[in-house]
Number of protein chains: 2
Amino acid sequence: MSVIFSKKCEYALQAILYLASKDEKEYFSAREIAKDLKIPKEFISKILQSLVNFKIVGSKKGKNGGFYLAKNPNKIRLIDIVEAIDGLDVFTTCVLGFPECSYDSPCPVHSEWGKLRSLAYDMLSSQTIDHFTEKTLKKINQL
Amino acid sequence: MSVIFSKKCEYALQAILYLASKDEKEYFSAREIAKDLKIPKEFISKILQSLVNFKIVGSKKGKNGGFYLAKNPNKIRLIDIVEAIDGLDVFTTCVLGFPECSYDSPCPVHSEWGKLRSLAYDMLSSQTIDHFTEKTLKKINQL
DNA sequence: ATTAATTCGGATAAATTAATCTTATTAAAC
DNA sequence: GTTTAATAAGATTAATTTATCCGAATTAAT
């Protein structure tokens with residue numbers, strides 16, 4: 001099965017969109033995020049922890065603690081989330097898996113695929129979370 | 001780690017490019033393909049078997065047998081290989097993993113990502129193996 | 001202080017994907 | 001016909017990804 005983002009990355013994006021759709025400076029526990037987004041609680045906890053390490057999300061321990069966005073949604077690019085969770089290897093390593101593939105010694109599909117990959121990278125780099133918050137609100141209410 | 005194609009799919013594409021770069025109607029054994037492309041022999045055998053089932057590759061059993069392209073390289077699109085090995089779900093299911101995502105009820109990144117995905121699909125659909133054979137010859141000689 | 005609810009970190013388990021092994025079948029060459 | 005070299009198919013193992021579990025630390029409320 002081909003895939004573009006790992007499950008972790010999908011969940012991370014969902015969780016961030018969720019937090020962005022809520023009021024600032026409130027704490028949302030892994031439990032309620034998991035429940036609302038229908039993601040396994042333990043798994044989303046781990047992912048949120050990673051995002052905390054990357055300073056994208058903040059957390060508060062103890063009773064009534066939880067998670068919140070550590071940055072303004074207009075400062076969080078989609079690519080930042082991909083980088084934090086999956087890394088940026090997809091954008092640099094050969095699609096065909098040829099270890100010898102490079103600009104100077106490209107694999108057969110290098111240039112064609114490279115264009116597309118640049119487009120993806122540019123899209124993910126230009127789009128920030130705030131572009132999506134309104135849509136997110138609508139979507140979450142359906143879940 | 002995000003990824004675009006599975007390893008299987010990468011190997012399948014490599015093997016097909018390999019066969020396309022060779023003379024027609026000669027048989028190439030899994031052993032020599034594996035050796036030349038530096039892919040585990042047993043694994044590439046399995047993958048070639050799948051491609052045989054999809055009529056993209058043909059095979060001949062017994063001594064001096066092996067694999068060959070069952071179709072003209074200009075009739076084999078990249079998307080055919082992806083479809084045979086990984087399926088086309090990447091192009092239809094939600095990038096965010098929202099099960100409720102659809103045209104009528106799109107997920108927040110639906111339209112932005114959708115454009116990109118269409119581009120990918122179009123690219124893979126329009127490019128056929130023969131476009132790459134010359135480049136492949138160069139590349140294989142380096143391995 | 002005690003309790004309850006939370007994050008955090010490490011360990012473990014389950015599921016999926018990747019890779020290997022084994023045996024059967026096929027067909028050419030001797 | 002026997003041997004040899006190949007694909008085919010099923011079973012098994014290994015590695016990776018996904019998911020869960022548990023115990024410790026933290027903090028608010030009682």
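In what follows, chains carry the letters A, B, and so on, assigned in the order in which the sequence lines appear, proteins first and then strands, with residues in each chain numbered from 1. Because the structure is a prediction, the values reported are computed rather than measured. All heavy atoms count here, side chains included; hydrogens, waters and symmetry mates do not.
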Colleague: Output one letter per nucleotide in nucleotides 22-30 of chain C: B when a protein non-hydrogen atom lies under 4.0 Å from the base, S when only the sugar-phosphate is that close, - when neither is.
Modeller: ----BBBS-
Colleague: Taking atom C1' of D:dT18 as reference, at what distance in whole Å does atom NZ of A:Lys41 sit?
Modeller: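 Atom-to-atom, A:Lys41 to D:dT18, this comes out as 16 Å.
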Colleague: Nearest whole angstrom, please: distance from the C1' of D:dT20 to the CD1 of A:Ile44.
Modeller: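 One finds 14 Å between C1' of D:dT20 and CD1 of A:Ile44, rounded.
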Colleague: Specify the separation, in whole Å, of atom NZ of B:Lys46 and atom P of D:dG10.
Modeller: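 Interatomic distance, NZ of B:Lys46 to P of D:dG10: 9 Å.
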Colleague: State whether B:Ser29 places a side-chain N or O below 4.0 Å from either non-bridging phosphate oxygen (OP1 or OP2) of D:dT7.
Modeller: no
Colleague: Rounded to the Å, how far apart are B:Gln49 CD and D:dA6 P?
Modeller: 15 Å
Colleague: Once you round to the nearest 0.5 Å, how far does CZ of B:Phe28 lie from CG of B:Leu19?
Modeller: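 Output value for this atom pair is 7.0 Å.
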Colleague: Output the rounded distance in Å from CD1 (B:Ile47) to P (C:dT20).
Modeller: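 Nearest whole value for this atom pair: 11 Å.
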Colleague: Counting just side-chain N and O atoms, does B:Arg31 come under 4.0 Å of either OP1 or OP2 of D:dA5?
Modeller: no
Colleague: Which one, C:dA18, C:dG9, D:dA8, comes nearest to the side chain of B:Phe67?
Modeller: D:dA8
Colleague: Does the side chain of A:Tyr11 get closer than 4.0 angstrom to OP1 or OP2 of D:dA19 through an N or O atom?
Modeller: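 It does, given that an N or O in the side chain of A:Tyr11 lies less than 4.0 Å from OP1 or OP2 of D:dA19.
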Colleague: Where the side chain of B:Ala30 is defined as all heavy atoms beyond and including C-beta, which of D:dT7, C:dC8, D:dG10 is the nearest nucleotide?
Modeller: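 Minimum distance to the B:Ala30 side chain belongs to D:dT7.
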Colleague: Does any non-hydrogen side-chain atom of B:Lys22 lie less than 4.5 Å from one of B:Tyr68?
Modeller: no
Colleague: Starting at NZ of B:Lys7 and ending at P of D:dA15, how long is that distance when rounded to a whole Å?
Modeller: 15 Å
Colleague: Near A:Lys7 NZ, under 6.0 Å, is it more than 12 heavy atoms from other residues, nucleotides or ligands?
Modeller: no
Colleague: Go ahead and name the base partner of D:dT7; Watson-Crick or wobble counts if both distances stay under 3.5 Å, otherwise write none.
Modeller: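 Paired with D:dT7, as far as the under-3.5 Å criterion goes, is C:dA24.
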Colleague: Taking atom NZ of B:Lys71 and atom OG1 of B:Thr128, what is their separation to the nearest 0.5 Å?
Modeller: 11.0 Å
Colleague: What's the CZ-C1' distance between B:Phe43 and D:dT13, to the nearest Å?
Modeller: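 Computing the B:Phe43:CZ to D:dT13:C1' distance gives 13 Å.
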Colleague: Indicate yes or no for a side-chain donor-acceptor contact from B:Glu112 to the backbone of B:Val109 under 3.5 Å, with no hydrogens or angles considered.
Modeller: no
Colleague: Rounded to whole Å, how long is the line connecting atom CD1 of A:Ile85 with atom P of D:dT18?
Modeller: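 After rounding, the reported distance stands at 11 Å.
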Colleague: In Å, rounded to the nearest 0.5 Å, how long is the span from CD1 of B:Ile16 to CD1 of B:Ile81?
Modeller: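 Answer rounded to 0.5 Å: 3.5 Å.
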Colleague: So, is B:Ser59 near the phosphate of D:dA8, with a side-chain N or O under 4.0 Å from OP1 or OP2?
Modeller: yes
Colleague: Could you tell me if the side chain of A:Ile129 sits less than 4.5 Å from the side chain of A:Asn74, heavy atoms only?
Modeller: no
